[in-house]
Amino acid sequence: MLSSLLYTCLSLASVKLVNAQWPTDSNSAIVREIEHLYLDSATHNLQSFISPCSQYVDSSTGSVDNSLGRQTAAEWVRVAFHDFVTYNIYTESGGVDASIGFETTRGENVGTAFNDALINFSYFFNAKVSMSDLIALSVVVTAGHCGGTSVSMRGGRIDATAAGPTGVPQPQQDLHTQLVEFSNAGFNQDDTIALTACGHSFGGVHRNIFPDVIQPGTTGTQEGSDGRIAFDSTSDTLDTTVINEYLQGTGNAGGPLVTTTNVTDQSDLRLYSSDSNSTVKNLAQSQSYFQSQCSALFQRMIETAPGSVRFTNPINPTSTTNLKPYDVDLSVDWDGNMVLNGYLRYVQVSGAATAPDSYTVALVDRSGTTTSTTATATKSDTDTGTGLFGATNSYQFTLNFDSATGLSGITAGGQTFAFQDTMFVIPGLTSLSPFPPPFSATPAMDDTGDYTSNVTVAYLSTSAPDSLTATFSMPTTQTGSVAPKIDASTTATLEQIGVSGPFTIYSGSITKSLSAKQVYGMSIDVAASGSSAGVVFYKLFNKDS
């Protein structure tokens, strides 16, 4: 009866519940989560906010509003720049650490861009994707989607818990002061000119924010109720237009920080001309050269972080493997029958072989031996998408095997992927009630209700403890910033409920008042007393569930 019930629960829950616990080390979990945000064909991901690149998503409504003259892609680059530029190379402090959330009342950070971005990013925040990683990822997505420029992404940034130092360059400052501020962040004069040109390939200056800049006679047409004048005539694309128009005196002629009639605020003109236009002329030689320079500078910018940060490997299918498993779950019933269910992701990167129609997936048993237990993973006709690196193809697979055989990995496409069955969440006996509303990046996700989460875990041990401890990590508000922080103070004791083959089964639950946004950002770690976590970062829901 219990075995039958387990399989019934599994078939019902697998539509929504997602086991994302493989492998169990923290860095791999970070990589896996960021991969999901911009490699998988998810309906809700960062790229949706900037598709098209000219649009603006109002964080107060979650809806597109192009009447204001604002641009989300440009906001993202501005937020990352303001977060980065107060870094201090001598103390190795500051940089991309999300301290910008505590700094939005400063005169150097005027405008809605910062809170807009942090609120929109908060829907994707969790225990393994920090707000500072999301700030960095937004630049990667913007450069790739709005310019075809690849910027390598690594995770592992640590969010600040308070404001950092001042020091964001402002239009009215003299050239020497601005170059010193960039120098303190590790960027020399050539770097400063080039990074400014790359950043000002997007967006513009808003009259309602910078009335001293947008004065009568300033070149350019004001757009929307904010009165924006764009930096160039292709402000939704990372390209050479901004410097070509500056050098040729055409179009917007480099933008309002060049053409403003207020000489004090002609900061881009002072900067570009500070080396007799040598750097911008060099950048203008070709689109490919400009983009390669922007790629390198954007990567340096987003990897400028506190000295304590230890980055993950690059999250880039062109530099690692473009075939990986994802959304894999493992289950066992009371008769010792095990099921490994999940997907393979194949990203059609440039130069790679055409995605095959299917893969053969083979089980690697607990001893590390590849077995004759196989399954065919067939390419889905519907679960596809086009991301920054090419088309993403999905292949579902299911492997059935006995608990005596166990699991240490799978092979597919000539590669071996390591898994483990030492401790795992059983999805069919793990639930959340009630189900949260469908995910959407809107304020409606902030509505709260009482949710009960039941967690059931299988533990492979010859000397099983009486209980395990589950720790629930969830986003919560923090004073001084609209960005959330992680609260890991909620725990549950999982008690033994039975034995299945070599596994002891444990279960426990909590009931807590949560918002739907917190539910989607919640994750669970499970450990035996005195041991490191055996289950790391188990998520009940992914954004496209």
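Side chains are part of it too, since the values below use all heavy atoms of this structure and drop only hydrogens, waters and symmetry mates. Counting from 1, the numbers follow the sequence of the chain as shown.
Here the side chain of Ser403 pairs a donor or acceptor atom with the backbone of Gly336 at under 3.5 angstrom. Of the possible polar contacts, none joining the Asp402 side chain to the Asn337 backbone as a donor-acceptor pair under 3.5 Å is found. When atom types are taken as modelled, the side chain of Ser408 and the backbone of Ser367 share no donor-acceptor pair closer than 3.5 angstrom. Under the 3.5 Å distance criterion, the side-chain polar atoms of Glu495 are left unmatched by any main-chain donor or acceptor of Gly508. A side-chain donor-acceptor contact under 3.5 Å links Gln291 to the backbone of Leu238. The backbone N or O of Pro475 sits nowhere less than 3.5 Å from a side-chain atom of Asn126 that would complete a donor-acceptor pair. A distance-only check finds no donor-acceptor pair linking the side chain of Thr374 to the backbone of Thr360 [under 3.5 Å]. In this structure, Tyr395 contributes its side chain and Pro356 its backbone to a donor-acceptor pair below 3.5 Å. Between the side chain of Thr430 and the backbone N or O of Pro427 there is no donor-acceptor pair closer than 3.5 Å. At least one donor-acceptor pair closer than 3.5 Å links the side chain of Gln420 to the backbone N or O of Thr422.
Looking only at atom types and distance, the side chain of Lys485 has no donor-acceptor partner in the side chain of Thr476 under 3.5 Å away. Using a 3.5 Å distance cut-off with no hydrogens or angles, the side chains of Thr471 and Asp525 do not pair a donor with an acceptor. Looking at Gln348 and Asn322, their side chains never bring a donor and an acceptor atom within 3.5 Å of each other. Side-chain contact check for Ser440 and Thr442: at least one donor-acceptor pair (N or O, by modelled atom type) lies under 3.5 Å.
Phe424 and Phe503 have their aromatic ring centers within a separation under 6.0 angstrom. Ring pair His82/Phe114: centre-to-centre distance below 6.0 Å.
Of the options Thr142, Val139, Ile302, a side-chain contact (heavy atoms from CB on, under 4.5 Å) to Val151 is made by Ile302 and by none of the others.
Scanning both residues, Val455 and Leu494, for their nearest heavy atoms gives O-CD2, 3.9 Å. Residues Asp116 and Glu75 come closest through the heavy atom pair OD2-OE2, 3.3 Å. Between Leu323 and Ala412, the shortest heavy-atom contact is CD2-O, 3.8 Å.
Between Ser132 atom OG and Asp83 atom CG the span is 7.5 Å, to the nearest 0.5 Å. To the nearest 0.5 Å, atom OG1 of residue Thr405 and atom CG of residue Asn400 are 11.5 Å apart.
Judged by a 6.0 Å distance limit and a 45° cone about the ring axis, Lys517 is positioned over the six-membered ring of Tyr123.
Looking at Ile315 and Thr312, their side chains come closer than 4.5 Å, going by heavy atoms from C-beta outward.
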Ile505 vs Thr456, test: side chain to side chain contact (heavy atoms under 4.5 Å, CB included). Steps then yes/no. CA-CA 7 Å; Ile505 312 300; Thr456 302; 3.6 Å; yes
Pair Asp421, Arg366 - check salt bridge (charged side-chain N to carboxylate O under 4.0 Å, His left out), show working. CA-CA 8 Å; Asp421 67 354; Arg366 194 175 290 130; 2.8 Å; yes
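Using a cut-off of 4.0 Å between Lys/Arg side-chain N and Asp/Glu carboxylate O, Glu303 and Arg157 are scored as not salt-bridged.
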